2 protein chains.
Amino acid sequence: MALIVQKFGGTSVGSVERIEQVADKVKKFRDAGDDLVVVLSAMSGETNRLIDLAKQISDQPVPRELDVIVSTGEQVTIALLAMALIKRGVPAVSYTGNQVRILTDSAHNKARILQIDDQKIRADLKEGRVVVVAGFQGVDESGNITTLGRGGSDTTGVALAAALKADECQIYTDVDGVYTTDPRVVSQAQRLDKITFEEMLEMASLGSKVLQIRAVEFAGKYNVPLRVLHSFKEGPGTLITIDEEESMEQPIISGIAFNRDEAKLTIRGVPDTPGVAFKILGPISGANIEVDMIVQNVAHDNTTDFTFTVHRNDYQSALTVLENTAKEIGAREVVGDTKIAKVSIVGVGMRSHAGVASRMFEALAKESINIQMISTSEIKVSVVIEEKYLELAVRALHTAFELDAPRQGE
Amino acid sequence: MALIVQKFGGTSVGSVERIEQVADKVKKFRDAGDDLVVVLSAMSGETNRLIDLAKQISDQPVPRELDVIVSTGEQVTIALLAMALIKRGVPAVSYTGNQVRILTDSAHNKARILQIDDQKIRADLKEGRVVVVAGFQGVDESGNITTLGRGGSDTTGVALAAALKADECQIYTDVDGVYTTDPRVVSQAQRLDKITFEEMLEMASLGSKVLQIRAVEFAGKYNVPLRVLHSFKEGPGTLITIDEEESMEQPIISGIAFNRDEAKLTIRGVPDTPGVAFKILGPISGANIEVDMIVQNVAHDNTTDFTFTVHRNDYQSALTVLENTAKEIGAREVVGDTKIAKVSIVGVGMRSHAGVASRMFEALAKESINIQMISTSEIKVSVVIEEKYLELAVRALHTAFELDAPRQGE
């Protein structure tokens, strides 16, 4: 008898038929003896419909009132699922964020959960009821309805699992797990049975859009075992959990992530004086541009080159800012490139294995792929390469690190 | 500086354009210095859409969960109106039934208001905000969302006006007031400037569908001046209020109501013994059939005739019940008639005027209309006549009691 929190997204509850299917799935777990708390999103499309309605009144809808409108989306799905469960003879009850009492701060449209009152839910579970909770929403101290912002339903699921000390938080999606890399790029990509929170964070922030980063951070912080599963296909999915003692079998790296959303800017011939990095990046962040990778080479002739990457959408404005900076600090020139891609190998295994980076560089060299930038963290090595080599690089690394699925017949 | 509660129904907020118009109207009152609490229904059609959705899951949706779904309708309109007001520079805030705290009993889908917490609203009014409240909904002691049942938004308006001791509760509708009778039957029908709660109740229960009966009862009980107005046309509407000292000018009767929904049943040759009325009507109410008018003539030859009316939909089942009763108590025969109509004159003026009933009978006699049944209360005289004479009777009475509007040029 486990206590499980299950979260279903908008596509999984996108129609009455889908909601009936979710009810079947929930009933199966209940019949097996598990205690269940189910977190739902609004029907897919409904949140956008509500936002459009608000925008017909005002281009910039008042955030407090927008939350009042948008929160109705989940309120409808939770009651529909509770009805569908009761129809199947499964006692169930629905709660809005306010009814549970999911207390948040007052940052409307992007609120953060502060505290969850678990009394009502525990009482219902004790009575054998399945508790269906509206994701994505809460209430502030003054009783104002708040929403957590897009994708916030994952966070609701994890936060509830943490508050209830659930055995597992299951996130149902349209993929059947986390893969070693994007199967559309590498056909030999494999579903991972297990991955650590840290690895998942690196994978997620590098473009694997399976889970919301905030939800993974939350799960890691409160050590809530998280499982990614397919809503309507059977299968064990991928369990995201803490880094237990590394077994001998543990692969060195868990996956290959990549990203083609970035652009690179270099300022050359920068006088090598203290504070120069701040002089360069201060105006960039002042223009609300986020910087990802930063590389500065050692100086020679008292000047240095300084390179960083930004989102491609910010490339033009970053270039303008940087050209002004170059004049001010007396740098030689500014050059940029939008045709780049970032490829990363991710894995806690590399902590205990030397030479992982060089094995990566070797694999890329074999394919004659030039590396433009390198950046490393404890469980990740990222390189920037020319965009046209992206697929080739990912496939080469997937093979080099022995991630390929065994071929049929092997 | 008056405190006014304004209630707008589903048609008045049926589209974004309509909501903008309501905002214009509210702003006009606010600019004139009034404090305003606005109660809204869901957009017309929305409540039915939500109920249909629930019925796709279950023919008989769980009442608690149905309330969770249906209450989202008003939640959307209140936030849209608050946004529209803020856009016009009018500070405004929206509240659901739960947020105000409109405490109700737990009778889901048909709850009754027990208490209203006026603290938040008073604080907002003091700060100069227009408060927009979701009609039709509340919350029970355990925090479950409840709805008051169809038309309950009128009741919310009146209850709020009572709790806040508002100067007036304005109900905006698709008619510009209460008329002396149905203008489709009598072209000379006039809008009444004023009518008492008692008269309005008699008019409403007799088929004038302008206001919900419960709302009028509530207004009368707490002495909340109620005004019926047109949502989008200018005009003073009709004020429904207590019966102040009757002025010399007060008309004897205020209006003519009528109803063609009833059927008549007579049981003849009933032995005239004590308890016979109960023996006849007990089985009828046992079959959940509501009885309206009841007439029993004085006995002769130790038998009596007993006649009553029921809703036409209940005619067949009432007939079956009555025929069984006739056998049991040894009555001679049972006869029925569905082609009847009820016409009533209503007015507190008749209290102080003798001969009102006879004036009514005289007017009908002049048109050779036979009266089948008569029933009287303190402020109403009703007669049952053959259905085909209905329009003729209403017009004759309208003229006889001097209710006709002066004709153009007179």
Side-chain angles (χ1 to χ4, degrees), chain A residues 15-17 19-20 23 42-43 46 49-50 52-88 91-96 98-101 117 119-120 123 132 134 139-140 142-145, chain B residues 15-17 19-20 23 42-43 46 49-50 52-88 91-96 98-101 117 119-120 123 132 134 139-140 142-145:
Chain A
S15 66
V16 167
E17 294 68 37
I19 289 173
E20 301 269 17
M43 288 181 166
E46 180 65 3
R49 185 186 75 85
L50 293 166
D52 286 350
L53 202 55
K55 291 209 167 161
Q56 284 178 47
I57 298 272
S58 167
D59 285 344
Q60 299 210 302
V62 188
R64 180 194 183 277
E65 301 301 336
L66 188 60
D67 279 350
V68 172
I69 293 178
V70 167
S71 63
T72 62
E74 297 81 36
Q75 194 167 325
V76 169
T77 51
I78 55 170
L80 291 176
L81 181 63
M83 284 178 188
L85 288 167
I86 292 166
K87 186 172 73 174
R88 284 164 175 74
V93 63
S94 76
Y95 290 129
T96 63
N98 172 61
Q99 287 179 312
V100 167
R101 208 167 181 239
D117 185 345
Q119 280 197 301
K120 268 192 192 174
V132 187
V139 65
D140 74 3
S142 312
N144 296 304
I145 295 169
Chain B
S15 66
V16 167
E17 293 69 35
I19 289 172
E20 301 269 17
M43 287 181 168
E46 181 65 3
R49 185 186 75 84
L50 292 166
D52 286 350
L53 202 56
K55 291 210 165 161
Q56 285 177 46
I57 298 273
S58 166
D59 285 344
Q60 298 210 302
V62 188
R64 180 194 182 276
E65 301 300 337
L66 188 60
D67 278 350
V68 172
I69 293 177
V70 167
S71 63
T72 63
E74 296 81 38
Q75 195 167 325
V76 170
T77 51
I78 55 171
L80 291 176
L81 181 63
M83 284 178 188
L85 287 168
I86 292 166
K87 187 172 74 174
R88 284 165 175 73
V93 64
S94 75
Y95 290 129
T96 63
N98 171 61
Q99 286 179 312
V100 167
R101 208 168 180 236
D117 185 345
Q119 280 197 301
K120 268 193 193 174
V132 187
V139 66
D140 74 4
S142 312
N144 296 304
I145 295 169

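Numbers restart at 1 for each chain; the letters A, B, ... are given by sequence-line order, proteins then strands. What you see is a predicted model, and the numbers here were worked out from it, not measured in a lab.
For B/Gln56, the parts lying under 4.5 angstrom from a heavy atom of chain A are both the backbone and the side chain. Contacts between A/Ile86 and chain B at a heavy-atom distance below 4.5 Å involve the side chain alone, from C-beta outward. Looking at A/Val93, both its backbone and its side chain come within 4.5 Å of chain B, counting heavy atoms on both sides. The part of A/Ile19 that comes within reach of chain B is its side chain, from C-beta onward, which places non-hydrogen atoms under 4.5 angstrom from that chain. Looking at A/Leu81, neither its backbone nor its side chain comes within 4.5 Å of chain B, counting heavy atoms on both sides. Neither the backbone nor the side chain of A/Asp67 comes within contact range of chain B; no heavy atoms are under 4.5 Å apart. Proximity to chain A (any heavy atom under 4.5 Å) is shown, for B/Thr77, by neither the backbone nor the side chain.
A donor-acceptor contact shorter than 3.5 Å links the side chain of A/Gln99 to the backbone of B/Gly143. Distance alone, capped at 3.5 Å, places no donor-acceptor pair between the B/Gln75 side chain and the B/Ala134 backbone. A donor-acceptor pair under 3.5 Å is absent between the side-chain atoms of A/Arg101 and the main chain of A/Val139, judged by distance alone.
In terms of non-hydrogen atom pairs under 4.5 Å with chain B, the most contact-rich of A/Val76, A/Ile78, A/Thr96, A/Val132 is A/Val76.
The line from NZ of A/Lys55 to CG of A/Leu53 is 12.5 Å long, rounded to the nearest 0.5 Å.
Between B/Val62 and A/Met83 the shortest heavy-atom distance is O-CE, 4.1 Å.
Two residues are said to be in side-chain contact when any heavy atoms from C-beta on lie closer than 4.5 Å; A/Glu65 and A/Ile57 fail this criterion.
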